[in-house]
Amino acid sequence: MPGIVVIGTQWGDEGKGKATDQLGDRVDYTVRYSGGNNAGHTLVVNGEKYALHLLPSGILNPGVPVIGNGVVVDLEVLFSEIDALEARGVDTSKLVLSANAHIIAPYHKVLDKVTERFLGKRKIGTTGRGVGPAYADKINRVGIRIQDLLDEDLLRDKVEAALVQKNQVLVKIYNQMAIDPAEVADELLSYADRVRPMVRDVARELNDALDAGRLVVFEGAQAHHLDVDHGTYPYVTSSNPIAAGACTGSGVGPNRLDRIVGIAKAYTTRVGEGPFPTELLDEDGERLRVAGGEFGTTTGRPRRCGWFDPLVVEAACTYNGVTDVFLTKLDILTGWDKIPVCTGYEIDGQIVSTYPVMMDDIVKAQPVYEFLDGWTEDISGARTFEELPPTCQAYVRRLEELIRCRISGIGVGPGREQVIMLHDLID
Ligand code: GDP
Ligand code: IMO
Ligand code: MG
């Protein structure tokens with residue numbers, strides 16, 4: 001059972017970090033394959049909380065943590081995250097960095113912020129970490145890669161080339177100061193000595209590991225509905241967090257992915273702009289936000305909250321070939337008399353029961369609900385499905401029916417041990 005991908009099935013923050021960590025010390029490699037430090041993955045291990053933005057969650061386990069070519073790397077963040085973990089006694093020395101990963105340069109962060117300001121009411125609500133502009137440069141073929149850091153002349157030349165056009169845009173359109181290429185290059189080069197020993201041919205190493213029967217977990221960031229191809233475009237991130245992104249973002253073939261684990265929160269949240277059919281703008285939304293501690297790990301923004309939307313999760317399961325769903329934060333739903341679950345959307349007077357492709361329909365969609373019985377018992381100590389109250393079991397079984405995918409794990413608290421496993425994810 002060598003290749004497992006963990007992806008978000010909603011709009012992020014489903015608990016991918018915890019689910020990845022859950023796979024634990026059986027894992028030989030944990031690979032981040034897309035996104036950058038726009039991600040915020042929180043893990044609670046032995047009562048200690050760790051918030052990771054760029055490093056794979058596997059950094060807390062004995063296996064090898066890997067940053068694949070599909071990731072965009074902010075070197076300042078990388079080393080401050082490494083230093084903070086080392087200060088807490090975590091060994092980060094095994095970290096491997098793909099030579100082909102792109103770098104988030106200081107000008108990407110400036111551009112991210114000024115572009116959002118310029119968009120005004122059309123803004124995306126990005127995390128402001130420079131992720132979109134770094135991916136744009138990659139596609140425009142003016143990006144700076146990790147391997148460029150190892151050749152000073154080449155790096156200086158590339159930074160200069162990248163800034164020729166950007167400085168025009170910054171000065172003439174955004175009324176900003178021009179950025180000095182030498183300063184940028186000096187800053188990037190200051191990390192070269194620390195980067196050098198980490199740089200490897202990740203694609204080769206992962207394929208060799210898979211050939212040898214090692215267990216490789218690909219840890220998604222963001223989620224299906226934030227995917228630049230499949231998400232609520234343009235309110236998406238600029239990469240491919242979907243399962244297929246694990247292949248392009250690390251250099252393994254699709255036939256290497258044996259299990260696709262979709263993480264789904266027992267309700268729904270979203271950060272930033274964009275449509276969200278089951279969003280609750282009333283006190284119920286506030287109640288979910290407070291109960292679930294729904295404030296962004298990366299930006300601290302309050303997350304928008306709403307009821308579980310099986311249409312959203314079913315689409316993600318289908319389009320990613322999800323084999324197992326891990327349902328998180330079920331404990332947060334304790335205490336509701338009735339729990340609404342969306343069974344369809346009303347769009348222009350018609351009821352649909354599958355997630356629409358047209359953005360206009362998603363924007364107009366009015367959720368149709370059925371109301372399931374809630375429970376009041378504290379479930380955070382449950383470790384088997386049978387220990388859950390019958391109405392809680394019925395909630396899980398009904399979601400399973402609606403998303404048309406088996407639920408293999410259930411999170412009942414933030415701690416590493418607070419899970420109920422129905423099917424082993426590694427077999
Ligand atoms: P990610 O971005 O998908 O890794 O998710 P985040 O870390 O941004 O957000 C998930 C939050 O929920 C974190 O604070 C986790 O510690 C927490 N969490 C994960 N699973 C559970 C669970 O089953 N129950 C509770 N109460 N919290 C959980
Ligand atoms: P994890 O991995 C939730 C959202 C931003 C914004 C949009 C684009 O923790 O689930 P970007 O900075 O990527 O250009 O912003 O995507 N977004 C996330 N929302 N969780 C995340 O990551 C996110 N990463 C990006 O809020 O709406
Ligand atoms: Mg998160």
Side-chain angles (χ1 to χ4, degrees), residues 6-22 32-45 48-54 56-57 71-72 74 104 108-109 111-113 115-116 123-136 219-228 231-239 241 262-276 288 291-304 326-334 378-380 382 409-420:
V6 172
I7 59 153
T9 61
Q10 294 156 322
W11 282 284
D13 304 321
E14 297 90 350
K16 298 174 290 293
K18 181 192 155 166
T20 304
D21 174 65
Q22 191 60 45
R32 272 284 309 269
Y33 61 84
S34 72
N37 57 306
N38 47 351
H41 297 180
T42 310
L43 293 80
V44 181
V45 181
E48 285 228 32
K49 191 167 164 179
Y50 299 87
L52 302 171
H53 297 287
L54 185 55
S57 298
V71 174
V72 284
D74 182 327
I104 299 181
H108 293 131
K109 291 181 257 190
L111 280 166
D112 196 351
K113 294 199 176 97
T115 320
E116 281 281 275
K123 73 175 195 286
I124 307 296
T126 73
T127 59
R129 300 298 189 263
V131 168
Y135 278 115
E219 178 185 0
Q222 291 80 49
H224 176 86
H225 293 278
L226 287 173
D227 184 275
V228 69
T232 39
Y233 191 91
Y235 301 102
V236 292
T237 193
S238 300
S239 66
I263 315 301
K265 208 179 271 190
Y267 48 99
T268 314
T269 62
R270 176 163 200 167
V271 193
E273 308 301 315
F276 176 177
L288 280 177
E294 297 296 352
F295 297 88
T297 316
T298 302
T299 57
R301 289 180 286 179
R303 293 173 182 152
R304 299 157 62 191
F326 194 117
L327 188 71
T328 61
K329 296 193 119 169
L330 187 59
D331 52 302
I332 300 302
L333 290 183
T334 298
D378 177 4
I379 61 167
S380 61
I410 298 171
V412 290
R416 189 183 254 178
E417 67 298 342
Q418 289 180 295
V419 289
I420 296 171

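Just follow the structure's listing: the first ligand is 1, and inside any ligand the first atom is 1. This one's a predicted model, so the numbers in the text were calculated from it and none came from an experiment.
Inclusion of Leu330 in the set of residues having an N or O under 3.5 Å from an N or O of ligand 1 is not warranted. Ligand 2 has no N or O atom lying under 3.5 Å from any N or O atom of Arg129, backbone or side chain. Inclusion of Gly413 in the set of residues having an N or O under 3.5 Å from an N or O of ligand 1 is warranted. Polar contact check, Leu43 against ligand 1: no nitrogen or oxygen pair lies under 3.5 Å apart. The shortest N or O to N or O distance between Gly15 and ligand 1 is below 3.5 Å. Between Glu14 and ligand 2, no pair of N/O atoms sits closer than 3.5 Å. Inclusion of Gly411 in the set of residues having an N or O under 3.5 Å from an N or O of ligand 1 is warranted. Below 3.5 Å of separation, one finds an N or O of Asn38 facing an N or O of ligand 2. The shortest N or O to N or O distance between Thr328 and ligand 1 is not under 3.5 Å. The shortest N or O to N or O distance between Thr42 and ligand 1 is below 3.5 Å. Residue-to-ligand polar distances keep Glu273 apart from ligand 2: every N/O pair is separated by 3.5 Å or more. Where the criterion is an N or O separation shorter than 3.5 Å, residue side chain and backbone included, Gly12 fails it with respect to ligand 2.
With hydrogens left out, the protein atom closest to atom 19 (C) of ligand 1 is Lys18 CD, 3.7 Å, a heavy atom. For atom 20 (N) of ligand 2, the closest heavy atom belonging to the protein is Asp13 OD1, 3.2 Å. If you check which protein heavy atom lies closest to atom 11 (C) of ligand 1, you get Lys329 NZ, 3.7 Å. When only non-hydrogen protein atoms are considered, atom 2 (O) of ligand 1 lies nearest to Gly40 O, 2.8 Å. Taking atom 10 (C) of ligand 1 as the reference point, the nearest protein heavy-atom neighbour is Asp13 O, 3.7 Å. The nearest heavy-atom contact from the protein to atom 15 (O) of ligand 2 is Thr126 CA, 3.3 Å. Counting only heavy atoms of the protein, atom 4 (O) of ligand 1 lies nearest to Gly17 N, 2.9 Å. Nearest protein neighbour of atom 12 (O) of ligand 2, counting heavy atoms only, is Thr127 OG1, 2.6 Å. The single protein non-hydrogen atom nearest to atom 24 (N) of ligand 2 is Gln222 NE2, 3.0 Å, given as residue, atom name and distance. Considering only non-hydrogen protein atoms, atom 10 (O) of ligand 2 sits nearest to Lys16 NZ, 2.7 Å. Among protein heavy atoms, the minimum distance from atom 27 (O) of ligand 2 is reached at Val271 O, 3.1 Å. Closest to atom 5 (C) of ligand 2 among all protein heavy atoms lies Gly125 O, 3.6 Å.
Side-chain polar atoms of Thr127 and Arg129 form no donor-acceptor pair below 3.5 angstrom. Using a 3.5 Å distance cut-off with no hydrogens or angles, the side chains of Arg303 and Thr297 do pair a donor with an acceptor. Between the side chains of Thr126 and Asn38, no donor-acceptor pair of N or O atoms lies under 3.5 Å.
The closest approach between any non-hydrogen atom of Glu219 and ligand 1 is not below 4.0 Å. Residue contact annotation: Gly40 has a non-hydrogen atom under 4.0 Å from ligand 2. Taking 4.0 Å as the cut-off, Gly8 does not count as a neighbour of ligand 1 on heavy-atom distance.
The residue Tyr235 has no part lying near ligand 2, judged by heavy-atom distances below 4.0 Å. With a 4.0 Å heavy-atom cut-off, ligand 1 is reached by the backbone of Lys16 and by its side chain too. Residue contacts with ligand 1, taken as heavy atom pairs separated by less than 4.0 Å, involve Asp331 solely via side-chain atoms from C-beta onward. With a heavy-atom cut-off of 4.0 Å, Arg301 touches ligand 2 through its side chain alone. Only the backbone of Val236 comes within 4.0 Å of ligand 2, counting heavy atoms alone; no side-chain atom from C-beta on gets that close.
With rounding to the nearest 0.5 Å, the separation of OG1 in Thr328 from CD in Gln22 is 11.5 Å. Atom CD of Glu116 sits about 8.0 Å away from atom CD of Glu273, to the nearest 0.5 Å. Within the model, atoms OG1 of Thr269 and CZ of Arg304 stand 10.0 Å from one another, a figure rounded to the nearest 0.5 Å.
Looking at Glu219 and Lys16, no side-chain N of the basic residue comes within less than 4.0 Å of a carboxylate O on the acidic one, giving no salt bridge. For Glu294 and Lys265, the salt-bridge test passes: some basic side-chain N is under 4.0 Å from an acidic carboxylate O. Here Asp13 does not pair with Arg270 in a salt bridge; the nearest charged N to carboxylate O distance is not below 4.0 Å.
Near Arg303, with a cut-off below 4.0 Å to any heavy atom, the atoms of ligand 1 are 8 (O), 9 (O). For ligand 1, the atoms sitting less than 4.0 Å from at least one non-hydrogen atom of Thr297 are 8 (O), numbered in the order shown with element in parentheses. Near Pro414, meaning under 4.0 Å from any of its heavy atoms, are these atoms of ligand 1: 16 (O), 24 (N), 25 (C), 26 (N), 27 (N), 28 (C). Taking every heavy atom of Ile332 and a limit of under 4.0 angstrom, the matching atoms of ligand 1 come to 26 (N).
No side-chain heavy atom of Ile7 sits under 4.5 Å from any side-chain heavy atom of Pro241. Using a 4.5 Å heavy-atom cutoff, the side chains of Ile332 and Tyr267 are in contact.
Summarising the contacts of atom 17 (N) of ligand 2 with Leu226, Thr232, Thr237, the nearest heavy atom is found in Leu226.
Contact annotation: Gly40 places an N, O or S atom under 2.8 Å from the Mg ion (ligand 3).
Looking only at its N/O/S atoms, Asp13 has OD1 as the one nearest to the Mg ion (ligand 3).
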